[in-house]
Amino acid sequence: MAQSVGIKDVARAAGVSVGTVSNVINRPDTVATETRARVLSAIDRLGYVRSESARQLRAGRSRIMGLLVLDMGNPFFVDVARGAERAARKAGLGVMVCNSAESVGEEAEYLSLFAEQRVRGVLLTPADATGRNIDSLRRHGIPFVLVDRVAEGTTECSVSVDDVAGGALAVRHLIDAGHRSLAYVSGPPGFNQVRDRRTGALNALAEAGLGPECLRELPTERLDVAAGRDAGARLLGLADRPTAVFCANDLLALGVLQAMYAAGVGVPDDLAIVGYDDIEFAAAAAVPLTSVRQPAVTMGALAAELLLEETEDGSGRHEHRRVVLQPELVVRRSSLAAR
């Protein structure tokens with residue numbers, strides 16, 4: 001195995017001191033033109049690449065921020081990552097993206113990895129609703145911003161969407177279309193988003209003079225297409241099947257749509273479906289999916305900007321902020337048939 005080339009090798013090849021090589025790399029204007037050219041030629045010839053991690057450790061300031069999301073298989077979080085990466089790149093930083101896969105244990109492992117790598121800070125959508133894993137960031141003094149979540153008992157910065165309002169938008173739309181028997185495919189009950197969207201749905205029912213019995217909840221273990229197909233199979237087995245279903249995210253909704261299609265159940269004629277997130281696949285589905293849109297790219301960018309504000313504030317007077325964005329209902333064919 002070839003050995004890596006170090007700064008001493010460059011200095012030896014160029015016939016200069018290690019300090020001169022360091023100046024060429026970090027402060028080139030302080031080095032004479034001929035000497036600088038000789039050092040750069042040696043760097044190019046030897047293929048030297050400086051150790052960024054070592055430089056960061058010396059400076060005590062990393063150029064990497066961590067991003068830990070629930071599911072990189074969900075296009076919503078891909079968009080969040082895209083927004084965070086754009087904001088970080090403008091500031092000359094990179095983003096280390098990790099996926100907890102909705103696992104509390106994997107989340108804890110990745111947070112430990114971030115601490116070991118001494119990242120600038122962390123953008124986090126917690127899998128642990130209790131917030132216990134977040135304590136490890138506090139213990140290591142690592143700043144963090146919560147994305148798509150406000151964890152109970154935290155005062156740190158966060159960027160989220162008003163999911164209560166979003167749930168109300170979805171169910172109000174279905175009520176306006178004439179539906180009075182609805183289902184909520186909700187995902188894991190421990191997630192705040194799942195609970196808030198259900199609260200919004202119940203609020204919309206109450207506004208219309210309808211009781212909570214009009215909303216039948218079908219929890220799932222995960223927030224993916226397979227879980228949606230399973231929920232769809234359970235819907236099909238109900239003797240008094242609801243006429244409309246609101247899903248906690250678009251992947252669940254797409255799974256329900258697949259289950260209905262396979263069973264010959266018409267959407268929206270026999271069952272109206274509304275999802276949440278408005279991922280790209282929602283509009284491209286066999287029956288274009290009505291969805292509550294979250295501004296995912298904006299969320300990622302704002303979260304990164306809040307983290308940059310905190311980590312670049314040398315005064316110690318940074319004030320944490322909670323940014324709450326508003327959702328938007330995007331109506332498509334999956335919910336348009338009136339009852």
Side-chain angles (χ1 to χ4, degrees), residues 65-88 95 97-104 106-107 110-111 121-131 133-134 137 143-170 186-200 220 222-224 247-253 275-280 282 291-307 320-330:
M65 65 172 64
L67 171 62
L68 183 57
V69 300
L70 288 177
D71 180 11
M72 280 305 294
N74 186 339
F76 168 76
F77 288 112
V78 175
D79 287 342
V80 168
R82 185 178 296 118
E85 191 272 336
R86 287 177 185 173
V95 180
V97 182
C98 297
N99 175 29
S100 71
E102 301 178 19
S103 165
V104 174
E106 290 191 35
E107 175 180 85
Y110 278 124
L111 293 181
V122 174
L123 309 178
L124 170 67
T125 304
D128 181 7
T130 69
N133 281 342
I134 295 175
L137 296 176
F144 64 89
V145 176
L146 300 178
V147 185
D148 191 37
R149 184 76 57 87
V150 177
E152 298 173 5
T154 62
T155 58
E156 285 81 4
C157 289
S158 65
V159 180
S160 61
V161 165
D162 187 340
D163 284 317
V164 174
L169 281 175
S186 60
F191 288 168
N192 292 346
Q193 299 99 317
V194 167
R195 296 197 300 268
D196 287 348
R197 291 166 196 177
R198 178 179 183 273
T199 296
T220 63
R222 297 182 61 81
L223 290 161
D224 55 22
C247 299
N249 76 0
D250 284 342
L251 296 184
L252 290 172
Y276 205 104
D277 290 339
D278 195 34
I279 62 175
E280 184 177 357
S291 185
V292 178
R293 176 177 294 167
Q294 295 200 85
V297 174
T298 300
M299 291 174 68
L302 286 174
E305 289 166 6
L306 286 174
L307 186 61
H320 293 308
R321 287 188 287 149
R322 291 189 173 186
V323 178
V324 180
L325 305 174
Q326 292 303 308
E328 174 189 359
L329 182 70
V330 181

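Residue numbers start at 1 and run along the sequence shown.
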To the nearest 0.5 Å, how far apart are [atom1] in [X] and [atom2] in [Y]?
| X | Y | atom1 | atom2 | result |
| --- | --- | --- | --- | --- |
| N133 | L111 | CG | CG | 6.0 Å |
| D196 | T199 | CG | OG1 | 6.0 Å |
| E328 | Q294 | CD | CD | 12.0 Å |
| N99 | L67 | CG | CG | 10.0 Å |
| R322 | L306 | CZ | CG | 12.5 Å |

Pairwise side-chain contact, [X] with [Y], heavy-atom cut-off 4.5 Å (strictly under):
| X | Y | result |
| --- | --- | --- |
| L223 | P188 | yes |
| L251 | D277 | no |
| H320 | C157 | yes |

(request) Please report the C-alpha distance between L146 and I134 in whole Å, then the side-chain angles of each, then the deciding distance to 0.1 Å, and finally whether the side chain to side chain contact (heavy atoms under 4.5 Å, CB included) criterion is met. (result) CA-CA 10 Å; L146 300 178; I134 295 175; 3.8 Å; yes
I'd like to know if the side chain of [X] and the backbone of [Y] have a donor-acceptor N/O pair within less than 3.5 Å.
| X | Y | answer |
| --- | --- | --- |
| S291 | R293 | no |
| D163 | G166 | no |
| R149 | S160 | no |
| Q193 | D148 | yes |
| S100 | E106 | no |
| R197 | A248 | yes |

Return the minimal non-hydrogen interatomic distance between [X] and [Y], and the atom names on each side.
| X | Y | result |
| --- | --- | --- |
| A127 | E102 | CB-C, 3.9 Å |
| P295 | V161 | CD-CG2, 3.8 Å |
| V324 | D162 | CG1-N, 3.7 Å |
| D278 | D250 | N-OD2, 2.6 Å |
| V95 | E85 | CG2-CA, 3.9 Å |
| C247 | Y276 | O-CB, 3.7 Å |

Which atom pairs, donor and acceptor, lie under 3.5 Å between side-chain atoms of residues 68-81 and protein residues at least two apart or in another chain?
| from | atom 1 | to | atom 2 | distance (Å) |
| --- | --- | --- | --- | --- |
| D71 | OD1 | G73 | N | 2.8 |
| N74 | OD1 | F76 | N | 3.0 |
| D79 | OD1 | R82 | NH1 | 2.4 |

(request) Kindly indicate, with the supporting measurements, whether the criterion side chain to side chain contact (heavy atoms under 4.5 Å, CB included) is fulfilled by E107 and L124. (result) CA-CA 10 Å; E107 175 180 85; L124 170 67; 4.0 Å; yes
(request) Give a yes or no on this: more than 12 heavy atoms of other residues, nucleotides or ligands lie within 6.0 Å of atom CD of Q326. (result) yes
